[in-house]
Amino acid sequence: MCYTDIMKKLILILITTLITLCGCGQQEAAKYEELPPMAEIEITCDEAPGEEYIDAKVIASLVEDDGEKSILGSQAEIKLRGNSSKEAVKKAYNVKFEEELSFLGMDPGKKWCLVSDPFDKSLLRPALGFAYAKAIGIEGTPEACLAKVYLNEEYMGVYTVTEPVECGAGRVEIDPENGDFLLERNYDRVEEDKAYIESYEGFRFEINEPEEPNEEALRQCGLLLQEAEEAIVSGEHGKYSKKIDVDSFVDFYIFNELIKDIDFGEYSTRYYFKDGIMYAGPPWDLDLTMGNVSVEKDEDKYEIYF
């Protein structure tokens, strides 16, 4: 992709953003005078969710476009999720159903995230960011919706209910059993049950998929990463266009620049290898974006967005 093509894409994205934020005139605005009813999720379990999955009953209700109310009830498992969010009063959860199902009208899947957004007082940034990423065509972007969550009859607040970033139909469509990989940029965090790999240039990644890579998988992943990195460092389009999907890298970079994601490039930044080609994305962890920064935290990545 040449510089002119990149500028054309950037202009198109900016126009899309303006249309999304400003609407398309009075007729379009009239269609959205009333926000759709928020979904509700009731979770019942014998104890407070912790680090390990426990049994739970999940009942979710959603008012459909035709005004009818759909209700889903299913056995599931639930546990705490997140890193820094675990320290917040408003906890976040992972929910895993016994079988794939369409949760709140989204594509079928077994695993779902109930993101608490304790550091985003608007409670809108992740859902808005995902919608924006999907609108500009970033593959694998999670679907998301907002829901009121109740845990053992206690109101927990409004959550972003979303697909996790994982491989599967309608999610990141790769096949780890045939040499594909899902990577997450992880600057320095360490978890005992996770596998990590570092590139020659010093970029450290957590291997999300496959979940338990063997030695051969680690070797293959390292080789693919080295080839992609060497091609990028060469600066020659003829080389790096054979090892990375240039369009996905351009889209993902522009997306993160426009939403001002302070974690971009350090944490929660995904890449994946499909058929030996490296792709950038999809986005994740979007609460600290769009100007939502901390004046208390002494870190350069916060201060650049003051």
Side-chain angles (χ1 to χ4, degrees), residues 32 34-131 134 140-172 211 282-287:
Y32 298 98
E34 295 183 9
L35 293 174
M38 190 173 295
E40 292 190 0
I41 300 174
E42 300 176 23
I43 302 169
T44 306
C45 47
D46 291 336
E47 57 186 291
E51 297 291 338
E52 303 295 331
Y53 277 110
I54 60 172
D55 292 335
K57 175 74 173 182
V58 177
I59 299 176
S61 59
L62 175 69
V63 177
E64 305 286 358
D65 293 338
D66 58 8
E68 293 294 322
K69 188 175 185 179
S70 63
I71 299 178
L72 177 146
S74 181
Q75 287 299 126
E77 293 181 310
I78 186 173
K79 72 173 184 177
L80 292 173
R81 64 156 284 105
N83 291 298
S84 55
S85 60
K86 286 182 181 178
E87 307 301 321
V89 175
K90 185 183 178 186
K91 304 301 183 185
Y93 305 100
N94 282 337
V95 172
K96 181 169 64 175
F97 293 102
E98 295 177 346
E99 59 183 5
E100 290 190 355
L101 50 80
S102 178
F103 194 40
L104 299 177
M106 294 182 279
D107 289 339
K110 283 187 178 181
K111 298 179 182 178
W112 300 86
C113 302
L114 275 57
V115 182
S116 55
D117 299 324
F119 310 117
D120 174 17
K121 298 302 184 286
S122 76
L123 302 178
L124 291 173
R125 285 177 171 85
L128 178 61
F130 289 147
K134 289 179 76 71
T141 298
E143 290 193 273
C145 68
L146 299 178
K148 298 177 182 177
V149 174
Y150 298 82
L151 178 63
N152 290 332
E153 299 184 350
E154 179 183 354
Y155 178 59
M156 307 301 292
V158 174
Y159 281 64
T160 302
V161 183
T162 180
E163 301 171 329
V165 177
E166 63 176 7
C167 66
R171 299 192 176 181
V172 181
E211 292 184 1
W284 186 249
D285 199 9
L286 304 181
D287 57 337

ask   = Hey, does Ser74 have a side-chain heavy atom less than 4.5 Å from the side chain of Val58?
value = no
request  = Return the orientation label for the Tyr155 and Tyr150 ring planes: parallel under 30°, perpendicular over 60°, tilted otherwise.
outcome  = tilted
request  = Output yes when a side-chain donor or acceptor of Lys57 lies under 3.5 Å from a complementary backbone atom of Thr44, and no otherwise.
outcome  = no
task = Not counting sequence neighbours, which residues clear salt bridge (charged side-chain N to carboxylate O under 4.0 Å, His left out) with Asp120? List them please.
result = Arg125
message = To the nearest 0.5 Å, what is the distance between CD on Glu47 and CD1 on Ile78?
response = 11.5 Å
query = Got more than 12 heavy atoms from elsewhere within 6.0 Å of CD, Glu211?
reply = no
message = Give me the atom names and distance for the closest heavy-atom approach of Leu104 to Ala60.
response = CD2-CB, 3.8 Å
task = Taking salt bridge (charged side-chain N to carboxylate O under 4.0 Å, His left out) as the test, write out the residues that go with Lys96, two or more places apart.
result = Glu77
note = Those residues at least two apart in sequence (or on a different chain) that pass salt bridge (charged side-chain N to carboxylate O under 4.0 Å, His left out) with Arg81 are none
ask   = Counting only N and O atoms by type, is there a donor-acceptor contact under 3.5 Å from the side chain of Ser70 to the main-chain atoms of Leu62?
value = yes
task = To the nearest 0.5 angstrom, please state how far the CG atom of Leu114 sits from the CD1 atom of Ile41.
result = 4.5 Å
inquiry  = If you compare all heavy atoms of Leu72 against all heavy atoms of Ser102, which two are closest, and at what distance to 0.1 Å?
reply    = CD1-O, 3.6 Å
query = Going through the distances and angles, do Glu143 and Lys134 end up as a side chain to side chain contact (heavy atoms under 4.5 Å, CB included)?
reply = CA-CA 8 Å; Glu143 290 193 273; Lys134 289 179 76 71; 4.0 Å; yes
request  = Working to the nearest 0.5 Å, report the span between CD of Glu163 and CH2 of Trp112.
outcome  = 5.0 Å
inquiry  = Could you go through Val149 and Tyr93, starting from their C-alpha distance and side-chain angles, then the distance that decides it, and tell me whether this counts as side chain to side chain contact (heavy atoms under 4.5 Å, CB included)?
reply    = CA-CA 11 Å; Val149 174; Tyr93 305 100; 5.5 Å; no
inquiry  = Go through it in stages, so that I can follow the logic: the residues are Leu123 and Leu146, the test is side chain to side chain contact (heavy atoms under 4.5 Å, CB included), and I'd like the CA-CA distance, side-chain angles, deciding distance and then a yes or no.
reply    = CA-CA 9 Å; Leu123 302 178; Leu146 299 178; 5.6 Å; no
key: Smallest separation among heavy atoms of Lys90 and Val158, with atom names   = NZ-O, 2.6 Å
key: Electrostatic pair Arg171-Glu100, nearest N-O below 4.0 angstrom   = no
message = How about NZ on Lys148, more than 12 heavy atoms from neighbouring residues, nucleotides or ligands closer than 6.0 Å, or not?
response = no
query = Given side chains that start at C-beta, do those of Asn94 and Pro49 come closer than 4.5 Å, heavy atoms only?
reply = no
note = Taken to the nearest 0.5 Å, the spacing of Tyr159 OH from Lys91 NZ works out to 9.5 Å
note = Heavy-atom closest pair (Trp284 atom, Leu286 atom, distance to 0.1 Å) is O-CD2, 3.4 Å
remark   = Taken in chain and number order and not counting sequence neighbours, the residues that satisfy side chain to side chain donor-acceptor pair (under 3.5 Å) with Thr141 are none
inquiry  = Could you report the tightest heavy-atom contact between Pro142 and Val165, atom names first, then the distance?
reply    = CG-CG2, 4.1 Å
query = For the atom pair CD (Glu42) and CG (Asn152), what is the distance rounded to the nearest 0.5 Å?
reply = 11.0 Å
note = Contacts of Asp117 meeting side chain to side chain donor-acceptor pair (under 3.5 Å) (sequence neighbours excluded), chain-then-number -> Thr160
query = So do Val161 and Met106 actually touch side chain to side chain, heavy atoms under 4.5 Å?
reply = yes
key: Validation row: Asp55, Cys45 side chains within 4.5 angstrom (heavy atoms)   = no
ask   = Of all residues at least two apart in sequence or in a different chain, which pass the salt bridge (charged side-chain N to carboxylate O under 4.0 Å, His left out) check with Glu98?
value = none
message = Could you measure the distance from the CZ atom of Phe130 to the SG atom of Cys145? Nearest 0.5 Å is fine.
response = 12.0 Å
